[in-house]
Each structure stands twice: as structure tokens, then as C-alpha cells.
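So the structure is just underneath, and the comments pick up after that.
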Amino acid sequence: VQLQASGGGLVQAGGSLRLSCAASGFSLDNYYTIGWFRQAPGKEREGVSCISGSGGSTSFANSVKGRFTISRDNAKNTVYLQMNNLKPEDTALYYCAADGPSLRYCGNVASYEYHYWGQGTLVTVSS
């Protein structure tokens, strides 16, 4: 089971990036919840967004609401995090994680409950 996060990079404030989380070894079709987390230097890891196993519900941290969207393409076994209007405070290492199979609302899944974690992809937003 592997998760491969990609799409990070350097962008100016106000710009956009789309992160991808590609799953292998299991099928997202089987109701896996996917979460995105980030960790900035010197700070604790925080949840950014998640999408439930059914794809029917999502959750976002208050700091990214209205700027980030999350979607899943089960045919490609990939979840996307579209990040718009990026701010310098969004600079962090972004990770994706999977939990499941589950039909729980993803906003109720704590970070420690995610079984599988990918490596991070670095997002740097310059002012």
C-alpha cells in the first residue's frame, strides 16, 4: 500500500497549485477516506482537508475554506487538492493519508486513525 503525493512547488502569493495523491496497492473505490495534512517548520502537523470514502462529503480547515477544494478520481485512484489564492502561511510540507474502508464522515477521523501515509510534497509560497 502506497500513497504518492506530488504537485508541490514554489508559487507567488495569490497563485495556485494542485496537489495529487496517487494510491497504489489498494483501490479508493473501496471507500477509503483521504486526508491532506501539512506541517510547517517549527509547527505541529495540522489537518487541511479530507474527503470521505463515499466521496460524498468533505471537510476543510478554517484557514483554507473558500480557497482549497478537494476531489477524487476513483478511475485514476487519485485524490486532488486544488489550492487557490495561496498565502505565505500556506508554506509547508503537505502529506496525504488514507483510512478505511470506512463510510464515516471524514471530519470525524482523527489524524492518528489514518493507517497509511505518503511522503510529503513541499509547497512554498513567496510574498
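All of these numbers come straight from a predicted model, not from anything done at the bench. These values consider heavy atoms only, across backbone and side chains, with no hydrogens, waters or symmetry-generated copies.
Side-chain N or O atoms of Arg38 include none that pairs as donor or acceptor with a backbone N or O of Leu93 at under 3.5 Å. Thr33 places no side-chain N or O within 3.5 Å of a backbone atom of Ser52 that could act as its donor or acceptor partner. Distance alone, capped at 3.5 Å, places no donor-acceptor pair between the Asn85 side chain and the Phe68 backbone.
Taking every heavy atom of both residues into account, Ala92 and Ala40 meet most closely at CB-N, 3.8 Å. Smallest separation of non-hydrogen atoms from Leu3 and Ala23: CD2-CB, 3.8 Å. What you find for Gly107 and Cys50 is that their closest heavy atoms are N-SG, 3.7 Å. Across all their heavy atoms, Thr78 and Ser20 have their closest contact at CG2-CB, 4.1 Å. In terms of heavy atoms, Gln39 sits closest to Lys43 at NE2-O, 3.1 Å.
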For this session: Kindly determine whether Arg67 and Asp90 satisfy side-chain contact (heavy atoms from CB on, under 4.5 Å), including the steps that lead there.
Result: CA-CA 11 Å; Arg67 301 187 296 122; Asp90 294 319; 2.7 Å; yes
For this session: Determine, step by step, whether Cys21 and Tyr95 satisfy the side-chain contact (heavy atoms from CB on, under 4.5 Å) criterion, reporting the C-alpha distance in whole Å, the side-chain angles of both residues, the deciding distance to 0.1 Å, and the verdict.
Result: CA-CA 9 Å; Cys21 176; Tyr95 301 88; over 6 Å; no
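The shortest distance between side-chain heavy atoms of Ser27 and Asn77 falls below 4.5 Å. Side-chain contact between Tyr94 and Phe37 is absent, with no heavy atoms from C-beta onward closer than 4.5 Å. Contact annotation: the side chain of Leu19 never approaches that of Tyr80 to less than 4.5 Å [non-hydrogen atoms, C-beta and beyond].
Pairs passing the side-chain hydrogen bond (donor to acceptor under 3.5 Å, both in side chains) check and including a residue from residues 4-18, sequence neighbours excluded, read Ser16-Asn84. Within the structure, no pair that satisfies the disulfide (SG to SG under 2.5 Å) test touches residues 56-90, not counting sequence neighbours.
Residue Tyr31 is found in a hydrophobic cluster whose other members, listed by chain and number, are Leu103; membership requires side-chain heavy atoms under 4.5 Å apart, directly or through intermediates.
Applying the side chain to side chain contact (heavy atoms under 4.5 Å, CB included) rule to Glu113 yields the partners Arg104, Val109, Ala110; only residues at least two apart in sequence or on another chain are considered. In this structure, the side chain to side chain contact (heavy atoms under 4.5 Å, CB included) partners of Thr58, at least two apart in sequence or on a different chain, are Ile51, Phe60, Ile70.
Both Val79 and Val48 are part of a single hydrophobic cluster, where members link through side-chain heavy atoms under 4.5 Å apart. Under the 4.5 Å side-chain heavy-atom criterion for Ile, Leu, Val, Met, Phe, Trp and Tyr, Trp36 and Val1 are members of the same hydrophobic cluster.
Interatomic distance, Met83 CE to Leu17 CG, rounded to the nearest 0.5 Å: 4.5 Å. With rounding to the nearest 0.5 Å, the separation of CG in Asp73 from CG in Leu28 is 9.5 Å.
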Which side-chain N or O atoms in residues 116-127 pair as donor and acceptor under 3.5 Å with protein atoms at least two apart or in another chain?
from, atom 1, to, atom 2, distance (Å)
Trp117, NE1, Tyr114, O, 3.2
Gln119, NE2, Ala5, O, 2.8
Thr121, OG1, Gly8, N, 3.0

